[in-house]
Amino acid sequence: MPFPFTLPTTSSFSFSSSFTSESHPSLPLNASTYRGVVRDALKKYKRLPASSQAQNLASIVSNLNTYLPYVLAIDAGLSRDTLQGEEVNVLLTSTPEIEWRPTISVNTVPGRENARIKIQSLEYDLFFTLSTLGYAYTLLARASLRPLYVTSGVPLSPQDRTTAITTATRHLMDAASVHDYLARRAEALSDNNTPPCADIAQPTARAMASLALAEATLLAVLKDDPYPAVVAQGRNDNDREWMYKAPEIPKVRAHLFARLCLAAADHAAQASSLCQSSRGKGGASKLDDDILRYLEDLRKTSRAKACRFFGIDAELAGQTGTALGWLRCGLQELGIESKEARKGLSLSRMKKDWSEKREDRKIEKGTNWGTDAGRLEETRVIEVLEAKWTKVNDTVLTQPIPSTATLLSSLPSGRDMHTIKPYQPPQLSRQALESMRALPDRPDDCADQLSSDDDERAATLVGAYPSSDGNYRSESARSYF
């Protein structure tokens, strides 16, 4: 967690070919220039190895925030609005044709990238730009959280752990603000303006805002939740603290944390419902199963965390039997059988162990980790607590364990921790507007640049696996093999 988004890529586009400004003649040229910078940054990011992409996210966010004021100024000029007290006048001379590659819509051809879609609206180009910014903020949050889950290095100190979680929370709330702003802009469009794909549909933007809010709420719990860190520390081969010091597990505000987790589950359920109803042009475009599966896993994980905290609250009150019942509720929410029900050899147990090792390798490499929304991590924590409390209850207390149905029927409502702040789009300064009153000093030839994948495109053999053409060709220059 958070979700590993893939950043969209776009084609080159010259604003001067479709827009002109009488009040600020250099505005289209400057917009084309900064859009070209964004396009190149996204192209270079896409070509980097997955383990090296996180280092370039900050520059992508900076480039997007630099480009947004210019495209927003053109959008305002089409409506003859004022910026910094100056009236901006922009005229549409021809219909723009811009291409974007969607990344969270379902892929019609398995094994290949989604085909690019052509959009003929500046508003939809702005929607893609804003959604890309939101995805980049989410990926920055992922990069901040990764050191918490790496088990091959030295464990983070409590201060470093808190700093990483606080930074990730800030990035997630920035992503929620951007997606919320995008959803409000999409609501202002008429019902006849159907988006070209589900990526920029209004329900999708609203769902992404709810998703970021749910993840930020869980991070508020993680900051003061000692159990995941203790379980990860026990699996770290480089940890030596256990030789001289037992893990410190301070008392937590269990009931409050449980209600926060239930609020996160509600946000995840809302996002899942919105994503399932999101459609693009013609109703054929819908969101990919990966993000729908992630949202469902996030809802289950959040409810399981809530059950664990109710169990911790009961255990602190001396009710170990009730605490074990809550842990079994958590495993039921996760779809995991209790160890008591799967004694001996079990195929599901072997599959779970294999999944854990595979997830650990993903975290070490920094590639596509956390796609289960923390489901595996929460399962580990619950199983550790279940083994500990079962031993105590079987040997000392012998309290009865309530049924899961009885406990789940008593779940309270959730409690929100964060509120999405309104997004304040960046605006051009008065000095920048004044400088664009001059005539352009060079032609706007940004549209003559190669497309982001034209230089990668090669003739593909019929029936050959993608990117394996070289395995079928000889070194001869002849036209046959």
- Query: Among side-chain atoms of Asp160 and Ser157, is any donor-acceptor pair under 3.5 angstrom?
  - Reply: yes
Could you pull out every donor-acceptor pair under 3.5 Å between side chains of residues 262-272 and any protein atom, sequence neighbours left out?
from	atom 1	to	atom 2	distance (Å)
His267	NE2	Asp416	OD1	2.7
Ser272	OG	Gln276	NE2	3.4

- Message: If you count heavy atoms of other groups shown closer than 6.0 angstrom to CE of Met417, is the number above 12?
- Response: no
- Message: Does any part of the side chain of Ile104, heavy atoms only, come nearer than 4.5 Å to the side chain of Asp288, both counted from C-beta?
- Response: no
- Query: Using 4.0 Å as the upper bound for N to carboxylate O, is an ion pair formed by Arg184 and Asp180?
  - Reply: yes
- Look at the side chain of Asp313 and the backbone N and O of His255, then say whether any donor-acceptor pair between them is shorter than 3.5 Å. no
- Query: Is Lys43 close to Arg47 at the side-chain level, that is, under 4.5 Å between some pair of heavy atoms?
  - Reply: yes
- Query: Under 4.5 Å between any side-chain heavy atoms of Asp125 and Pro96, yes or no?
  - Reply: no
- Query: Can any side-chain N or O of Asp199 pair as donor or acceptor with the backbone N or O of Thr103 at less than 3.5 Å?
  - Reply: yes
- Please work out whether the ring planes of Phe13 and Phe19 are parallel, tilted or perpendicular, with thresholds of 30° and 60°. perpendicular
- Message: If we ignore hydrogens and angles and just use 3.5 Å, is the side chain of Arg116 paired with the main-chain N or O of Arg101 as donor and acceptor?
- Response: no
- Query: Among side-chain atoms of Thr10 and Arg35, is any donor-acceptor pair under 3.5 angstrom?
  - Reply: yes
- Message: Quiz question: by atom type and distance under 3.5 Å, do the side chains of Ser278 and Thr204 form a donor-acceptor pair?
- Response: yes
- Message: Less than 4.0 angstrom from a charged side-chain N to a carboxylate O is my criterion; do Glu378 and Lys300 meet it?
- Response: no
